[in-house]
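Worksheet for the structure shown next.
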Number of protein chains: 2
Amino acid sequence: MRNAAEAGAGGAGVQSVDRALSILEVLARTGEAGVTEISGELGVHKSTAFRLMATLESHRLVEQTGDRGRYRLGVGILRLAGATTARLDLVQEARPISRQLAADTGETVNIAVLSDGSALYLDQVAGSSALQSHNWVGQHIPLHATSNGKVLLSGLDDDDLEAALGALPTYTSRTITTLSQLRDELDRVRDQGYAVAVDELEVGLTAVAAPVRNAHGDVVASMSVSGPSFRLGDDRVDEVVAQTVEAAAEVSHRLGWGHR
Amino acid sequence: MRNAAEAGAGGAGVQSVDRALSILEVLARTGEAGVTEISGELGVHKSTAFRLMATLESHRLVEQTGDRGRYRLGVGILRLAGATTARLDLVQEARPISRQLAADTGETVNIAVLSDGSALYLDQVAGSSALQSHNWVGQHIPLHATSNGKVLLSGLDDDDLEAALGALPTYTSRTITTLSQLRDELDRVRDQGYAVAVDELEVGLTAVAAPVRNAHGDVVASMSVSGPSFRLGDDRVDEVVAQTVEAAAEVSHRLGWGHR
DNA sequence: CGCAAGTGTTGCGCTTGACGAAACAGAGTT
DNA sequence: AACTCTGTTTCGTCAAGCGCAACACTTGCG
């Protein structure tokens with residue numbers, strides 16, 4: 001029974017709520033914006049944008065920055081986020097292991113799940129080398145060009161695989177762009193139990209990922225370590241792969257995998 | 001220029017947006033709820049509640065649980081939260097220091113600010129001993145019964161203090177329940193430059209906190225270390241106090257405190 | 001197994017909430 | 001000082017959002 005989202009997606013949702021939430025998404029993307037900028041993004045009158053912002057502000061989902069009339073996301077989001085993250089069992093179970101892996105490798109550790117034809121990043125822990133790293137949490141990332149994506153796809157059978165994939169856009173000269181190449185790669189991932197992506201999503205980015213399994217052995221998430229290619233070179237990848245596979249196995253055990 | 005929130009708070013905001021955001025707050029509080037429950041909470045017709053939920057679902061701010069027609073907060077909140085936390089200057093500046101303090105003490109480190117008569121927890125880093133720690137981020141926590149709360153109150157003058165406090169509920173036999181006791185305690189906090197709370201919010205919970213100051217020397221946040229009382233006994237509290245005071249001073253320096 | 005109760009979902013007509021236009025206030029620039 | 005641009009407020013209009021009624025589905029009980 002999924003008609004609620006379908007109705008909303010089809011434009012039959014509540015227009016002013018849709019607009020207000022679009023403001024939140026604009027602010028998430030731009031950092032901060034003024035009323036006129038928001039009205040331009042939404043295609044509404046600035047008095048409309050102003051009233052919508054006022055309502056969001058009264059719920060503390062946006063707040064004004066020091067500058068006159070400029071807005072950014074507010075701390076009210078944190079209360080909602082706290083409620084959300086605390087309930088994601090997977091993230092909760094994985095957090096201490098993610099932290100250990102980040103400490104061991106010094107790089108950025110992520111947990112991602114398959115969602116709507118992409119990898120949705122649920123958690124991120126940065127290692128000591130990874131100051132100011134890009135925040136992936138909440139983002140939908142292409143499957144075919146990332147180690148997390150390959151791991152998540154490797155848990156699918158052929159029918160589900162084709163359903164999960166749309167086009168295979170090219171991001172760098174090393175991006176996999178044909179289905180047959182991707183199938184071969186996924187066979188390798190299944191064989192070796194992990195995935196590696198070097199310069200496939202963006203040049204200079206290396207990531208390794210391993211599957212997180214549930215009690216039945218299904219791939220329910222992927223755990224990755226990523227960093228710049230100059231730090232994660234060939235000489236270190238083997239070691240990081242081993243650490244990642246072990247950490248993901250540990251998370252899997254906590255979810256009931258391998259228990260008999 | 002704060003008229004936006006005032007307008008919203010006065011009920012002149014956008015009613016349907018106000019309702020939709022109230023749904024998010026209900027779900028944050030209850031965990032999950034059905035359409036009829038939400039319509040009861042909001043005092044609207046269930047078809048109204050259903051349409052509002054549909055719009056929230058289309059933006060992935062709510063999602064259906066496995067049960068028929070029951071909803072909870074969705075992962076779309078995480079994207080907004082990621083954007084929020086990364087941009088809170090204080091959290092950003094404090095994060096590496098929080099991490100170090102968590103590593104040094106092995107316990108849970110929090111950053112909190114004063115907000116609406118309570119301590120609002122903005123950030124949390126768990127140390128190696130702190131498995132399965134409670135997630136405080138986004139929550140409003142009582143001031144009089146926590147070390148963070150005492151630190152935040154210690155930065156107020158008498159008028160602001162009374163304005164900030166409501167009743168002083170009893171949580172344990174050690175909770176401070178009279179204003180004069182609290183004033184004495186806040187004098188001690190000002191004198192010694194830190195606060196300690198043992199078994200005051202809940203039995204078995206010990207926390208120490210130190211003030212984070214801005215360039216003017218005002219207390220703008222509080223940084224705390226907390227853990228179970230069996231690990232944070234009298235023998236360790238002095239050491240952890242010293243580490244916390246030093247870490248909070250480091251954050252204060254980053255915010256411009258003490259620079260001449 | 002059939003029925004009742006309760007919940008979720010949909011369509012429709014009405015009304016009122018949300019909208020854009022116009023105007024004003026303030027800040028920055030020339 | 002004048003102009004430009006932004007944020008903010010007020011007001012009349014109308015279409016979006018509302019409640020109502022009905023239907024579909026699930027669950028529990030006799």
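Convention: sequence-line order gives letters A, B, ...; per-chain numbering from 1.
- Protein atom CZ of A:F50 is 13 Å distant from nucleotide atom C1' of C:dC24, rounded to whole Å.
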- Query: In the 5'-to-3' direction, what one-character label does each nucleotide of nucleotides 10-17 of chain D receive under the scheme B = base within less than 4.0 Å of a protein heavy atom, S = sugar-phosphate only, - = no such atom?
  - Reply: ------SS

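- Take B:A49 and apply the side-chain contact (heavy atoms from CB on, under 4.5 Å) test, not counting sequence neighbours, and it matches B:V35, B:I38, B:S39, B:V44.
- Here A:A221 pairs with A:L90, A:I111, A:V113, A:V212 under the side-chain contact (heavy atoms from CB on, under 4.5 Å) rule; sequence neighbours left out.
- Protein atom CE of A:M53 is 16 Å distant from nucleotide atom C1' of D:dT9, rounded to whole Å.
- Rounded to an integer number of Å, the gap from A:H45 NE2 to D:dG7 C1' is 12 Å.
- Remark: B:D157 pairs with no residue by the salt bridge (Lys or Arg N to Asp or Glu O under 4.0 Å) rule, at least two apart or across chains.
- Spacing between atom CG of B:L52 and atom P of C:dG8 amounts to 14 Å, rounded to whole angstrom units.
- Contacts with DNA chain C (heavy atom under 4.0 Å) in residues 35-44 of chain B: B:V35, B:T36, listed by number.
- Rounded to an integer number of Å, the gap from B:R70 CZ to D:dT26 P is 16 Å.
- A search for side-chain hydrogen bond (donor to acceptor under 3.5 Å, both in side chains) contacts involving A:S16 returns B:S16, not counting sequence neighbours.
- The NZ-P distance, from B:K46 to C:dG11, rounds to 16 Å in whole Å.
- One finds a side-chain N or O of A:Y71 lying less than 4.0 angstrom from the OP1 or OP2 phosphate oxygen of D:dT8.
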- Item | Evaluation steps, side chain to side chain contact (heavy atoms under 4.5 Å, CB included), between A:L61 and A:L80 | CA-CA 9 Å; A:L61 298 187; A:L80 300 178; 4.0 Å; yes

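- With sequence neighbours excluded, the residues forming a side-chain contact (heavy atoms from CB on, under 4.5 Å) with B:S47 are B:H45, B:R51, listed by chain and number.
- With contacts defined as side-chain heavy-atom distances shorter than 4.5 Å, the pair B:I97/B:M223 qualifies.
- Between A:E32 atom CD and D:dG7 atom P the separation is 11 Å, expressed in whole Å.
- Overall bending of the helix from C:dC1-D:dG30 to C:dT30-D:dA1, expressed as the angle between end axes built from five pairs apiece, is 40° (10° steps).
- Remark: A:A195 engages A:S147, A:K150, A:V151, A:V189 in a side-chain contact (heavy atoms from CB on, under 4.5 Å) (not counting sequence neighbours).
- The salt bridge (Lys or Arg N to Asp or Glu O under 4.0 Å) test applied to A:R183 returns A:D158, A:E162, not counting sequence neighbours.
- Partners of A:H59 according to the ring-ring contact (aromatic ring centres under 6.0 Å, His included) rule, which considers only residues two or more places apart in sequence or in another chain, do not exist here.
- With sequence neighbours left out, the side-chain hydrogen bond (donor to acceptor under 3.5 Å, both in side chains) criterion links A:E41 to A:R29.
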